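Reminder, nothing fancy here: chain letters follow the sequence lines and each chain counts from 1. All values reported here derive from a predicted model rather than from experimental measurement.
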Amino acid sequence: MDTTQEVIIAGFGGQGVLSMGQLLVYAAMLEGKEVSWMPSYGPEMRGGTANCIVIVSGVRISSPIVSKFSAAIVLNQPSLDKFVEKVLPGGLLIYERSTIISPPARTDIEVLNIPAIDEAHRLTAKQVANVVLLGAFLERLPIVKPENVILALRKVLPKHRQHLLPINEQALMRGKELAIEAVAEPIAR
Amino acid sequence: MDTTQEVIIAGFGGQGVLSMGQLLVYAAMLEGKEVSWMPSYGPEMRGGTANCIVIVSGVRISSPIVSKFSAAIVLNQPSLDKFVEKVLPGGLLIYERSTIISPPARTDIEVLNIPAIDEAHRLTAKQVANVVLLGAFLERLPIVKPENVILALRKVLPKHRQHLLPINEQALMRGKELAIEAVAEPIAR
Amino acid sequence: MPTHKEKSEVLLMKGNEALAEAAFRAGLQAYFGYPITPQSEVIEYLMAEQPKHDCVVLQAESEVAAINMIFGASGAGARVMTSSSGPGISLMQEGISYMAASQLPCLIVNVQRGGPGLGTIQPSQGDYFQATKGGGHGDYRLIVLAPASVQEMADFVFDGFRLAEKYRNPAMILTDGALGQMMEKLEMPPKGSLPYPETPWATTGKRKDRKRNVVTSLFMQPEKMEEVNLHLQEKYRLIEETEVRYEEIDVDDADVLLVAFGLVARICEKAMHLAREKGLRVGLLRPITLFPYPSKRLAELSSKVGSVLTVEMNAGQMLEDVRLAVEGRCPVHFKGRMGGMIPSPEEVLEAIEAIPAKLHVELQR
Amino acid sequence: MPTHKEKSEVLLMKGNEALAEAAFRAGLQAYFGYPITPQSEVIEYLMAEQPKHDCVVLQAESEVAAINMIFGASGAGARVMTSSSGPGISLMQEGISYMAASQLPCLIVNVQRGGPGLGTIQPSQGDYFQATKGGGHGDYRLIVLAPASVQEMADFVFDGFRLAEKYRNPAMILTDGALGQMMEKLEMPPKGSLPYPETPWATTGKRKDRKRNVVTSLFMQPEKMEEVNLHLQEKYRLIEETEVRYEEIDVDDADVLLVAFGLVARICEKAMHLAREKGLRVGLLRPITLFPYPSKRLAELSSKVGSVLTVEMNAGQMLEDVRLAVEGRCPVHFKGRMGGMIPSPEEVLEAIEAIPAKLHVELQR
Amino acid sequence: MIRGKVLIAEEICKGCELCITACPQDSLALSEKINLKGYRFAVLVQDNCTGCVNCALVCPDAAITVYRQKKPAKGINPEIQVAV
Amino acid sequence: MIRGKVLIAEEICKGCELCITACPQDSLALSEKINLKGYRFAVLVQDNCTGCVNCALVCPDAAITVYRQKKPAKGINPEIQVAV
Amino acid sequence: MDLPPITNGFELVYKKPQTLTETPMHYCPGCGHGVVHRVLMEVIEEMGIQDRTIGVAPVGCSVFAYDYMNVDMQEAAHGRASAVATGIKRVLPDRFVYSYQGDGDLAAIGTAETIHTVNRGENILMVFINNGIYGMTGGQMAPTSILGMKTTTSPFGRDSKLAGHPLKITNLIAQLPGAFYVTRHAVHTANAVRKLKKAIHSSFEYQLLNKGTCFIEVLSNCPSGWKMTPAESNKWLEENMFPIYPLGDLKTPSQTMN
Amino acid sequence: MDLPPITNGFELVYKKPQTLTETPMHYCPGCGHGVVHRVLMEVIEEMGIQDRTIGVAPVGCSVFAYDYMNVDMQEAAHGRASAVATGIKRVLPDRFVYSYQGDGDLAAIGTAETIHTVNRGENILMVFINNGIYGMTGGQMAPTSILGMKTTTSPFGRDSKLAGHPLKITNLIAQLPGAFYVTRHAVHTANAVRKLKKAIHSSFEYQLLNKGTCFIEVLSNCPSGWKMTPAESNKWLEENMFPIYPLGDLKTPSQTMN
Ligand SMILES: Cc1ncc(C[n+]2csc(CCOP(=O)(O)OP(=O)(O)O)c2C)c(N)n1
Ligand SMILES: Cc1ncc(C[n+]2csc(CCOP(=O)(O)OP(=O)(O)O)c2C)c(N)n1
Ligand code: SF4
Ligand code: SF4
Ligand code: SF4
Ligand code: SF4
């Protein structure tokens, strides 16, 4: 197998799950990798769930749609329920702590819970919770370099939002730290 | 072959060629025959040529469209030019005299020219020229009984036109007489 | 076919008018349409005779409006019809797709004229694909009946309503300008011979004893939309199993099998007679239902005959269904006229004669 | 494919936006359209970027108006495009038939969603028949391109214009909501790389030195209309001879041949890899042009492989073209999802595995 | 009185009689003859045309050309002319 | 003062605050709690509701039920109630 | 929803009508669609005509109206609600029929159906929600968008040179003899809601009397499309839309009777 | 057509414009279409804009207008002439563009396109031939047919209960800000023809100045559809159509400028 990573990022619309994925593929592209980002909106037109499949690979990507993932980042309970079984054995599952009532029970994957929303509040910028999560994710699965995520952010943020760069950078780093601090539930092999 | 008669009636729109055909099939139907009436309008929407194919038969009619005819009734030059060669050898061609500049030259069919328009004027009802022609036609090719044409007329004429019955009856009879008087150009066998 | 022949009347009528009169007799409750040649006689006849019947007849502002009025009236449980020709039928495609998806019965009459574009007002069969494959978006089918005589122009109105209502699906009568304009005698079935179906799903006002009825084609969850589609597809399979209709003439000893629908089938019948007079063994298969298509029967026949000759007033549309049924078992030839031209029996005969002689006698492969 | 790679840029874009940007770079002169999910990004992108380009971008009052504005602008010699999805494309059928008949080039983009009816906004391939057989009235064809990546969403805009203008015929990009919404990196061809054709037939004002130009689809004499049709058919034969495009992967030793277009082809490619890992010899044929269809190549392959498996996001529409090409030479299987559901590679693998083992090795008949 | 002349294209005329109605001088009438299309066509029947152009303006078939005397010169007798 | 009570369906409320704006008594405010859909919902925060119904009339989600004192009876302390 | 027992001495003065289903509405927080739905259903409940009423939902944000309105309903194609309503009313003339449409639906793609339905004087009620934008598809320009309004398809503000002026279709409607009662309302305040309710009530009464088309425009907000809070959107509505679309009757029965 | 030599002393005061082709028109005897064609072409000839003018023909009796008008032309789908004209004008803004449409075309199936073209203020001339009937298809009712008028689809006379009142679309058009000049004419008399010609002339001048839509309704006859002689039809027009569709300007530039 090549180094292909197939990641699902899922939550409510508005939690920034789609842009998290976009940042990831943009950064990967900057690193010269093959990428694909496939969003899926729930049936509801407004609110409701949203997710995206991110594929990053050293080789040409065939299907942008896969049903098993090497990693999952989830931001609400329905998404957790939907995707927990779709993570490949040995894979990674990161979830936002405060949105999950019943945490996953799988032991054949690495499971990490991150208090991203709390952390974002602490940074007094609740909209960066997703970047905190992204930072944590990249700590465990360094498929792109954090600096390239920041570079990507710089490219996608419109002018009048460029002032948000520092706070995002901070959030990303806090995420990495949280992931290091977190006691990952170990994989029972 | 059965007793099938395939007749083309052709002229300008407004000369009553379509209704001539309708009278014929109506009368034939009254006699229990199988019938079909297929109109064809020229490409012009207004004015222009019109024709109809009338088939009267003792048996079920397959194609209502044929390209050779046992008889033709024509009311203008373009129609004569178009259909003269389509009359089967031994067939009948009747034309309205005043509308034809160059009469047909075929000798293998019976050709009859009838001054139907003049006759209609004489009857002071120029719209019955077509009935005059029909009378002449039926004299030579009695595929339906004249009285059934009259019966048909009675059925199709709307109430406020029923007073036109006598004049039409007269026209039909005059047509028959004209056909008898006319020296048919003989078929050279 | 209507069974109440006892009170039928023998009439001499134009195809379009026979169809309109038959609609009244088949219990039409609402017609919405917009004039277009060569079928304006349908609405004109309905308007003139409407006072004798308990039926809504309304000239819509367009074909788009007409098909959507049909939608509403059908959803309210009425027996409904519209009619048009090429350009107008094209404008109805969105509405037709909506009706199929909402499972609303209705009868749509397409009196075909030569296309594409504004084209010509002469007869054609150029809308076969549109009628049978679904010219609108999504996976749906119409039940398509192809009359070949004025008698069938009337009879198929009854069949059309019956099938549409039985399967809650739009049905189409696919005919042409020549059949619409020609006169033949016909037995006109009596009024009242086609009972109205129960329509418990219709929006007639939510009575206390039932939940509200909703007519819709929107199913935002793809899982649900797929279910709807699976149901439609099941329905179409059932229709294909039970409702196929065709006519065959002299196929038993046939060497060349003519396949043609509508008016062209009758021209082919004549050509067949001409060919038989010449000693050629020619038979005819006339599909009456274009969807469902008589593929099974054609497949059977294709392993018996030497070759098949499809004749159409188009560039070869039904031809694809013929080839799908024949699947290489024998050569399939094609004779077509387009843009309003009608093939003559003699032309078809020529096409028969042009088939290489050995194909007349030898089974292929 | 655009050849001016030297100045291409590598970008990361959504399919719909890549298509819109490519349209500018391909020299789009006028876009008329009406919003509909999942393709509203096309008009939104064009509107936002329009100031940088010399191009008319207008939101029409409806899809009917849009296609007729396209008609006018194309008739005036401009390079034009419109885009929509299911219901909107259905509303355009009359206009599309008119454009084909009037021989006007244009590019129509259908970002498919689940139908029929209002359906769902999820991706689908349910409009294959409508696109390839002609959803409007009369005998005409669209040149249909089916992209499978964001790169092709951009590239095929160039191809679409080129083919439409070469043959003076509407071309369609038949894609779906998933391809429209997904992001991939792509090389975006530079502006100015597609020269404008001569349009001496265009209505630009009757100069003294020529007769007036008339854009019309009306030919009242059926003889003349038939001539127009014969010309169209000749054109379509020529297109079938010269413009067929497809991609094939690992077909040489294939036992099971997957046939799929667009996004589904990529899902099949993945399924193929999975199958090969299991030791199954699976190959893939991806038609890139849906009309003209790669029937010849498929016919060749069908006498080499054990069986064909067609995979589509519909009830089996391209399946008919596959069967027409295979013509019984080997069994043809089908796997479809409908109403907005996307098949997964695993599902396709299952379908491959479900093909009776002997068909994997044995040629049929 | 200014004198006028009209020229009526007899094969173009459909005998609608609108020019006849429009003519303030009653100069026009339908011919007894019939043209190739079967219509009786309009002709000038009185020598009192003033060249007012009314007939030409209402003619749906653009069948009429109108001339008018430059200055009231005597001795010229305007003839009815018909285009061929 | 006539006294009123409002009952706000907290799982239906989307926290749009229109009722808050509409209330002439300033009786309403958003809760600190979040409902299952993630919205802060409206609650009665002052004991001065007159049952004027304004809040219910502008509520886009039909989340509000309103009661009013039959006659100004004393000793009854209207409580804030929330539907479940 | 069961109401908890209420302390003695209090009486119910307002509750959600039974003619609304229990399904929570999918609209964005603060969206006027919900208010109009409720008011419409209140009138139907009060008039006791639930069993004789058929509604037609459009394609637009209110496409799911049939999930909330507890009456028989049909979901029409985009722009064709009034044609669908015509079809229903013509075959069921003794039922109450209404259509409910947004501005894209009624005043763009459905213009021909709108004009001709009213011109025929179809005996129905047409409810027209004018929020100056295409809500459902993500905030594109509507025919009623005001000049300068930024939408996803007028990113630099609506420009009359490119897109024309806001279309006051209700003013055109009022000119048609088939229109019996034409009025413009809003739902931004409790009082406005009360007036709208009266207008709907009158419309159904006129329908019973076969008077012709009643047409009610409701100026509404689209917080999501306008990118504002609900409260801001109502303010914007008053300040920017009311001057162009002034509230009030455009045609009243007495005028019609003259 | 070569003109025979003319006796000295006479000068040509009227001849068919060169902008009309030599093809005889297919219209029924006395049909107003021919007059309007001619007048339109006269203006184009006089203004010398033949090489910069593009016309759009409708589906209706005037479908073959391009056989007679010697300018570049497009034949639009039924009802869509103004959308087609929009497409042309937007890509060729320095050309003169006009559409020519009947009442079925413009006021029935094409209503939405008509309203929105004018509302956008497309800088074109729309010529609207109102003969109160569908001529081409054989005399069916048009939206503009007057009450009581017998047509093949209103065989007992147009009944407002079934089909509504005659639609005065020009009056609606005049309300739209995009309309710059809106006027109603006829061609039943020489004077009427003269006035129409002026209106067309002004319209093209306004178009040169980018003023917006000019809309000219021409009340015309349809002797065939009305089943009358041409002279009778003109009389009927005056007596029956003029009262409903009074001639004159509905919107003039000065009004617009206010
Ligand atoms: C034929 C067709 N065209 C376009 C669409 C996409 N579409 C859905 S709703 C809509 C407009 C919605 O706007 P509006 O009618 O103003 O209602 P709102 O959502 O603002 O309530 C459009 C363009 C469609 N479904 N069908
Ligand atoms: C989509 C479509 N519907 C209907 C027709 C048929 N049709 C042709 S012309 C016409 C109406 C003609 O009336 P009008 O526009 O008033 O013009 P007139 O012939 O009176 O000049 C109709 C309904 C068509 N060609 N296309
Ligand atoms: S107006 Fe023209 S067409 Fe009519 S009669 Fe006079 S010359 Fe002939
Ligand atoms: S108006 Fe309704 S939805 Fe909005 S905050 Fe108040 S109770 Fe909640
Ligand atoms: S998008 Fe606008 S119209 Fe639609 S529900 Fe949200 S606020 Fe209401
Ligand atoms: S049918 Fe009427 S509109 Fe058409 S050409 Fe004849 S008179 Fe003129």
Hey, which of [options] has the most heavy atom pairs under 4.5 Å with chain C?
options	answer
D:Pro87, D:Gly86, D:Gly135, D:Ala100	D:Pro87
D:Gly138, D:Pro116, D:Ser90	D:Pro116
D:Asn229, D:Asn314, D:Asp139	D:Asp139
D:Gly316, D:Gly126, D:Gly340, D:Gly119	D:Gly119
D:Lys133, D:Gln112, D:Gln93	D:Lys133

Below 4.0 angstrom, N of the basic side chain to O of the carboxylate: do [X] and [Y] qualify?
X	Y	answer
D:Arg237	D:Glu240	yes
C:Arg113	C:Asp127	no
D:Glu320	D:Arg323	no
C:Glu347	C:Arg337	yes

Under 6.0 Å between ring centres, would you say that holds for C:Phe129 and D:Phe129? no
Do C:Tyr140 and C:Tyr236 have their ring centres less than 6.0 Å from each other? no
Evaluation steps, side chain to side chain contact (heavy atoms under 4.5 Å, CB included), between D:Thr310 and D:Val332: CA-CA 7 Å; D:Thr310 307; D:Val332 176; 3.9 Å; yes
So, the part of D:Leu232 with a heavy atom under 4.5 Å from chain C: the answer is side chain
Against chain D, label C:Leu218 side chain, backbone, both or neither, depending on which of its atoms sit under 4.5 Å from a heavy atom there. both
With a 4.5 angstrom heavy-atom cut-off, could you sort out which part of C:Glu223 is near chain D: side chain, backbone, both or neither? both
Hey, which of C:Ala101, C:Gly95, C:Gly115, C:Gly339 has the most heavy atom pairs under 4.5 Å with chain D? C:Gly339
